Amino acid sequence: MFEAKFVSLGSYFRREEEGMGEMDFDDVVRRRRSIRRYRREPVPEDVVWRLLHNAHRAPTAGNKQPQEFVVVRDEGLKRRLAVAANDQSFVAEAPLVVVVCADAGRSAARYGRRGYEFYSVIDASCVCMILLLSVANEGLGACFVGAFDDAQVSRVLGLPEGVRPIGIFPIGYPAEEPVKRPHIPLEKVVHMDGW
Ligand SMILES: Cc1cc2nc3c(=O)[nH]c(=O)nc-3n(C[C@H](O)[C@H](O)[C@H](O)COP(=O)(O)O)c2cc1C
């Protein structure tokens, strides 16, 4: 599974040349929700590529880019991922699941233990956030699923040694409109000096 590669980038670049897809950034941030119910229609391949292309642009420590993307559409694999994610069945109900992984060795090559344990995870998390915002920008829905058994996910996907799953993202057109989850008031978490 891990070796499987997409080969067609054509439609992604066509869209970029046409200048399509711009949307107000604040709206995208405000509108994003964790979506756990999906319509059945598939996510078109050019859209999948835009999501991946954006996520791949994330900043990474030393530009080491430890991210790896595993794109899953096979029903059997999705079901096994759902089981590995503590039986969160909605994972298998999305037409598309992207698993963001970190090849910690790429970060460790430059930064040693801190790269392996810390930067690789932070880097992959930056990738995850861009993926989520890009999903919202496309009118799609996704949920960051972080509750899973690492070893089980690695086995299901055939991840090589040193490649660690960071987030499982079921993605599809939303079949629910959740209300915004409450946030701690900003003034309680912002600590400013005297300006
Ligand atoms: C690191 C991380 C792990 C998460 N793991 C799960 C998960 O395993 N299952 C799930 O349903 N939601 C999971 N979530 C989604 C959160 O529950 C959700 O983001 C939070 O409740 C805020 O809601 P919102 O995303 O709609 O703003 C996770 C989110 C993050 C950032």
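Quick caveat: nothing in here was measured; it's all calculated off a predicted structure. One-based numbering, in listed order, for ligands and for the atoms of each.
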Residues which pass side-chain hydrogen bond (donor to acceptor under 3.5 Å, both in side chains) with Asn63, listed by chain and number, not counting sequence neighbours: Gln65
With Glu161 via side-chain hydrogen bond (donor to acceptor under 3.5 Å, both in side chains) - residues at least two apart: none
Phe90 heavy atom under 4.0 Å from ligand 1: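 Phe90: in contact with ligand 1 (<4.0 Å).
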Any Pro178 heavy atom less than 4.0 Å from ligand 1: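 Not so, Pro178 does not reach ligand 1.
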Give me the nearest non-hydrogen protein atom to [atom] as residue plus atom name, then the distance to 0.1 Å.
| atom | answer |
| --- | --- |
| atom 9 (N) of ligand 1 | Gln88 OE1, 2.7 Å |
| atom 5 (N) of ligand 1 | Gly146 N, 2.9 Å |
| atom 4 (C) of ligand 1 | Phe144 O, 3.1 Å |
| atom 23 (O) of ligand 1 | Arg181 CG, 3.3 Å |
| atom 26 (O) of ligand 1 | Ser34 N, 2.8 Å |

Heavy-atom side-chain contact between Leu157 and Pro165 under 4.5 Å: no
Donor-acceptor contact below 3.5 Å, side chain Lys78 vs main chain Ala94: yes
Glu41 atom CD, over 12 foreign heavy atoms within 6.0 Å: yes
The one among Arg36, Arg32, Lys180, Arg33 that brings a heavy atom closest to atom 11 (O) of ligand 1: Arg36
Ring centres under 6.0 angstrom apart (Phe144, Phe169):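 Under 6.0 Å, so yes.
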